[in-house]
Amino acid sequence: MGKIVAGIGSSHIPSIGTAYDQNDQSPEWQPCWEGYKPAKAFLKEKGVTHAIVIYNDHGTDFFYDKCPTFAMGAADEYPIGDEGWGIRDLPPVKGDADFSWHLANSLIMDSEFDLTVCQEMVMDHGLLVPLPLLFDHDPDWTVKTVPLHINVLQHPLPTPNRIWQLGHALRKAVESYPEDARVAVVGTGGLSHQLNGTRFGHTNEDWDEEFLNKIEDDPEALIDIPHDIWMERGGAESVEMMMWLGMRGALTPEVNKIHRSYYMPMLTGMAVTVMEDAKAA
């Protein structure tokens, strides 16, 4: 049967992908690379076969004219998108259509989530920033990935509680899968940042640290926070942080905290956190 073994929280800042592709080993980037090494080692140690990556598309596949609240890929392969700088030198993301269809059926039929199921999806930095830092990919990916897009750009947005409940539904779906699958759920986005308006460049290290503490120890304290408060504390785009609740909701209430790193190098807080599902310990 399917089993969730780990939850990963990760920023998905596009500049990370650029620095990674250029093998930038400057001091400014060392905390980032060092922060992901324990996460990658832990996932390899746990024998993760599948990753459900919760992210938001940034106009590569969905735009403001058509932006589903929840969309899941159900394909065996996902091409790399061109976000304006050319296609990154990464192999197409490996999927598992059978596993994805099982999850989709469970989410829609058993948990009543209105999900858009996509048999074709193009990947952007929301997923492609953390994936190569967490899993080997040369010459091919060592993990099968299920992309799960959440709309955090085009209002109305889903509430934090709805994303939290999605995590619960994901756990139910994974555990009902009849074949062996060792699953990591990856929640991406944020942390504090604002890229527009009079508060351009706004960051909030205190809020980032509070959020990281709560996502580990008291995630339900986050589920009733209104969207405008997320944006007031962390900046307009920091509402992406809600997506971590989908990952945390898929885990047991008590988790083993394996690793966390955080630093603020530029226009946004960067973090990676690793939690082991207590039932998988």
J.: I would like to know whether Met121 and Val93 meet side chain to side chain contact (heavy atoms under 4.5 Å, CB included); could you show each step before the answer?
T.: CA-CA 10 Å; Met121 288 181 85; Val93 174; over 6 Å; no

J.: Please report the interatomic distance CG(Leu148) to CE(Met243), rounded to the nearest 0.5 Å.
T.: 10.0 Å

J.: Which residue pairs pass the ring pair (Phe, Tyr, Trp, His ring centres under 6.0 Å) test with at least one member in residues 66-97, sequence neighbours excluded?
T.: Phe70-Phe113

J.: Just grab all the side chain to side chain donor-acceptor pair (under 3.5 Å) pairs involving residues 270-281, residues at least two apart or on different chains.
T.: Lys46-Glu276, Arg171-Asp277, Glu216-Thr273, Asn256-Glu276

J.: Suppose we screen for side-chain hydrogen bond (donor to acceptor under 3.5 Å, both in side chains). Which residues come up paired with Ser10, at least two apart in sequence or across chains?
T.: Tyr36

J.: Side-chain heavy atoms nearer than 4.5 Å, only ILVMFWY residues, links allowed to pass through others: does that put Val129 and Val185 together?
T.: no

J.: Decide if atom CE of Met1 counts as having more than 12 heavy atoms of other residues, nucleotides or ligands within a radius under 6.0 Å.
T.: yes

J.: For Glu120, does the CD atom have more than 12 heavy-atom neighbours from other residues, nucleotides or ligands under 6.0 Å away?
T.: no

J.: Would you call the rings of Phe99 and His50 parallel, tilted or perpendicular, where under 30° means parallel and over 60° means perpendicular?
T.: tilted

J.: Could you go through the side-chain hydrogen bond (donor to acceptor under 3.5 Å, both in side chains) check for Glu83 and His125 one step at a time?
T.: CA-CA 8 Å; Glu83 299 184 70; His125 72 267; 2.8 Å; yes

J.: Suppose we screen for ring pair (Phe, Tyr, Trp, His ring centres under 6.0 Å). Which residues come up paired with Tyr20, at least two apart in sequence or across chains?
T.: none

J.: Under the rule for salt bridge (charged side-chain N to carboxylate O under 4.0 Å, His left out), what residues qualify as partners of Glu220, not counting sequence neighbours?
T.: none

J.: Give the intermediate values and the outcome of side chain to side chain contact (heavy atoms under 4.5 Å, CB included) for residues Val48 and Leu134.
T.: CA-CA 11 Å; Val48 170; Leu134 295 172; over 6 Å; no

J.: Mind jotting down which residue pairs meet the ring pair (Phe, Tyr, Trp, His ring centres under 6.0 Å) criterion with at least one end in residues 261-281? Sequence neighbours excluded, please.
T.: none

J.: Run through the side-chain heavy atoms of Ile, Leu, Val, Met, Phe, Trp and Tyr, join any pair under 4.5 Å, and report what else lands in Phe63's cluster.
T.: Tyr64, Leu153

J.: State whether the number of non-hydrogen atoms from other residues, nucleotides or ligands found under 6.0 Å of Glu254 atom CD is greater than 12.
T.: no

J.: Hey, mind stepping through Glu175 and Lys3 against side chain to side chain contact (heavy atoms under 4.5 Å, CB included) and telling me if it holds?
T.: CA-CA 6 Å; Glu175 291 184 341; Lys3 185 176 186 180; over 6 Å; no

J.: To the nearest 0.5 Å, what is the distance between CD on Glu179 and CG on Asp96?
T.: 8.0 Å

J.: Applying side chain to side chain donor-acceptor pair (under 3.5 Å) as the test, list every pair that has at least one member in residues 151-164; sequence neighbours left out.
T.: Trp164-His168

J.: For Ile8, run the side-chain contact (heavy atoms from CB on, under 4.5 Å) check against Val186, Thr188, Leu133 and tell me which one passes.
T.: Val186

J.: Sort and list the pairs that fulfil side chain to side chain donor-acceptor pair (under 3.5 Å) and have at least one residue in residues 138-149, not counting sequence neighbours.
T.: none

J.: If you round to the nearest 0.5 Å, how far is CG of Leu245 from CD1 of Ile54?
T.: 9.5 Å

J.: Taking only residues two or more places apart in sequence, or in another chain, which ones meet Lys40 in a salt bridge (charged side-chain N to carboxylate O under 4.0 Å, His left out)?
T.: Asp136

J.: Can you tell me how far the NE2 atom of His137 sits from the CG atom of Leu131, to the nearest 0.5 Å?
T.: 9.0 Å

J.: Sequence neighbours excluded, which residues qualify as side-chain hydrogen bond (donor to acceptor under 3.5 Å, both in side chains) partners of Asp82?
T.: none

J.: Given Glu209, which of Arg260, Arg233, Lys214 fulfils the salt bridge (charged side-chain N to carboxylate O under 4.0 Å, His left out) condition?
T.: Arg260

J.: Take atom CG in Asp228; do more than 12 heavy atoms of anything else shown fall under 6.0 Å from it?
T.: yes

J.: Glu45: which residues meet the side-chain hydrogen bond (donor to acceptor under 3.5 Å, both in side chains) condition with it, sequence neighbours left out?
T.: none

J.: Between CE of Met270 and CE of Met264, what distance do you get to the nearest 0.5 Å?
T.: 9.5 Å

